[in-house]
Amino acid sequence: MSRPPEPWHLVKQSPLHGTGVFARRDIPAGTRIIEYRGKRITPEQADALHPVNPDDPFHTFFFSLSNGKVIDGGQNGNDARWINHSCAPNCETQESPQGSRVFVFALRDIPAGDELFYDYGLVMDGRITKTLRKQYGCLCGSAACRGTMLALPKEKPGKNEDKKEKKEKKNKKDGKAKKKDEKEKREGKRKKAKS
């Protein structure tokens with residue numbers, strides 16, 4: 001009988017936040033590192049359980065699935081629940097085709113000893129306020145940090161360009177109108193001067 005393969009990871013204190021998960025050995029890009037496990041519950045049950053820790057009400061082990069269920073890593077969960085968030089992650093999560101399981105994969109080669117991260121992209125109902133952003137603040141400190149673990153709405157491509165173009169057109173139109181007004185005033189003054 002063969003021994004099960006050595007796990008890719010180990011759990012220990014994180015310099016970033018609380019407990020973290022680290023590469024036990026070099027992990028090649030594309031490697032399936034671990035499954036995110038826990039009890040399957042409904043979204044309503046998850047809402048009733050939240051917050052799990054009143055001292056840290058915005059900390060969660062919930063993972064929403066496309067099949068409508070939620071994995072509660074706080075109940076029958078495994079080491080995957082300790083993987084911290086980063087806006088510049090070295091891992092990503094992928095659902096099974098049935099939408100009932102979640103696995104953590106390496107996005108790139110990860111050297112032994114590096115902490116594992118994925119982007120939580122927490123989804124909230126309603127408007128994302130400054131207060132919500134702060135409550136779910138990000139500690140990753142990466143150059144790409146958006147300051148929150150929340151999934152922020154994506155700007156429409158060229159949105160800022162569209163605003164800039166509209167402003168330029170308005171300014172151009174205003175400039176033409178201003179020139180026309182000045183011309184009419186000059187002509188009006190001339191007419192008055194002539195009579």
Side-chain angles (χ1 to χ4, degrees), residues 1-25 27-107 110 114-129 131-140 146 148-153:
M1 201 162 130
S2 64
R3 283 180 48 196
E6 183 98 2
W8 290 104
H9 71 282
L10 60 98
V11 176
K12 62 182 185 178
Q13 281 302 117
S14 168
L16 183 69
H17 179 258
T19 304
V21 179
F22 296 78
R24 178 186 298 264
R25 57 189 180 187
I27 303 174
T31 300
R32 186 172 86 182
I33 300 167
I34 190 171
E35 180 178 357
Y36 194 98
R37 291 200 178 136
K39 183 178 178 181
R40 278 14 180 220
I41 60 176
T42 66
E44 293 77 22
Q45 289 170 318
D47 289 343
L49 289 170
H50 191 72
V52 175
N53 179 356
D55 296 330
D56 191 4
F58 304 104
H59 185 266
T60 179
F61 290 127
F62 298 144
F63 206 112
S64 295
L65 297 167
S66 62
N67 71 3
K69 292 287 188 177
V70 174
I71 300 174
D72 180 0
Q75 297 184 60
N76 305 322
N78 62 350
D79 293 345
R81 67 184 167 175
W82 302 117
I83 298 175
N84 281 314
H85 162 86
S86 176
C87 298
N90 53 11
C91 296
E92 68 177 353
T93 56
Q94 295 178 16
E95 274 193 309
S96 64
Q98 303 78 20
S100 59
R101 298 171 75 187
V102 173
F103 299 94
V104 179
F105 285 85
L107 282 172
I110 304 171
D114 276 12
E115 186 167 1
L116 306 182
F117 300 103
Y118 63 87
D119 186 340
Y120 288 4
L122 299 174
V123 177
M124 303 298 259
D125 292 329
R127 194 171 142 255
I128 296 174
T129 63
T131 302
L132 267 178
R133 284 180 188 223
K134 188 175 181 179
Q135 289 169 334
Y136 290 93
C138 177
L139 304 171
C140 78
R146 61 183 181 268
T148 185
M149 296 182 287
L150 298 174
L152 299 178

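Atoms considered below: every heavy atom in the structure, side chains included; atoms not considered: hydrogens, waters and symmetry mates.
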> What's the spacing between His17 NE2 and Cys138 SG if we round to 0.5 Å?
Replying inline: 11.0 Å
> When rounded to the nearest 0.5 angstrom, what distance separates OG1 in Thr31 from CH2 in Trp8?
Replying inline: 4.5 Å
>> What I'd like to find out is whether the side chain of Phe61 reaches to under 4.5 Å of the side chain of Tyr36, using heavy atoms alone.
In response: yes
>> Is it the case that the side chain of Gln13 and the backbone of Gly18 share a donor-acceptor pair, with hydrogens and angles ignored and the cut-off at 3.5 Å?
In response: yes
>> Contact between Ile33 and Val21 at the side-chain level, heavy atoms closer than 4.5 Å - yes or no?
In response: no
> For Tyr136, does its backbone N or O pair with a side-chain atom of Thr148 as donor and acceptor, under 3.5 Å?
Replying inline: yes
> Just by distance, do the side chain of Arg25 and the backbone of Ala23 share a donor-acceptor pair under 3.5 Å?
Replying inline: no
> Side-chain contact, heavy-atom cut-off 4.5 Å: Leu16 with Phe117?
Replying inline: yes
> Can Arg101 and Glu95 be said to form a salt bridge (charged side-chain N to carboxylate O under 4.0 Å, His left out), step by step?
Replying inline: CA-CA 6 Å; Arg101 298 171 75 187; Glu95 274 193 309; over 6 Å; no
>> What I'd like to find out is whether the side chain of Thr93 reaches to under 4.5 Å of the side chain of Phe63, using heavy atoms alone.
In response: yes
> Hey, are the side chains of Arg133 and Ile128 touching, using non-hydrogen atoms and a 4.5 Å cut-off?
Replying inline: yes
> Looking at side-chain heavy atoms only, is the closest gap between Gln75 and Leu49 below 4.5 Å?
Replying inline: yes
>> Using 0.5 Å steps for rounding, measure from the CZ atom of Arg37 to the CZ atom of Phe103.
In response: 8.0 Å
>> Applying side-chain contact (heavy atoms from CB on, under 4.5 Å) to Thr42 and Lys69, what does each step give before you reach the verdict?
In response: CA-CA 5 Å; Thr42 66; Lys69 292 287 188 177; 3.9 Å; yes
> When rounded to the nearest 0.5 angstrom, what distance separates CG in Leu132 from CE in Met149?
Replying inline: 11.5 Å
> How long is the gap from CD1 on Ile71 to CD on Glu35, to the nearest 0.5 Å?
Replying inline: 7.0 Å
> At their closest point, which heavy atom of Cys140 faces which heavy atom of Cys87, and how far apart are they?
Replying inline: SG-N, 3.5 Å
> What pair of heavy atoms forms the shortest contact from Phe105 to Arg32, and how long is it?
Replying inline: CE2-CB, 3.4 Å
> Any side-chain heavy-atom pair from Asn84 and Tyr120 closer than 4.5 angstrom?
Replying inline: yes
> Which pair of non-hydrogen atoms, one from Ile27 and one from Ala106, has the smallest distance, and what is that distance?
Replying inline: CG2-CB, 3.9 Å
>> Checking Gln98 against Asn67: is there a side-chain donor and acceptor pair closer than 3.5 Å?
In response: no
>> Distance check, rounded to the nearest 0.5 Å: Met124 atom CE versus Leu152 atom CG?
In response: 11.5 Å
>> Tell me the closest heavy-atom pair linking Leu65 and Ser100, and the distance in Å.
In response: CD1-O, 3.8 Å
>> Out of the candidates Val104, Ile83, Asp119, only one should pair with Pro89 under the side-chain contact (heavy atoms from CB on, under 4.5 Å) rule; please name it.
In response: Asp119
>> Can you give me the closest heavy-atom contact between Gly20 and Glu115, atom names plus distance?
In response: CA-OE2, 3.6 Å
>> Any heavy-atom pair between the side chains of Asp79 and Leu10 that's under 4.5 Å?
In response: no
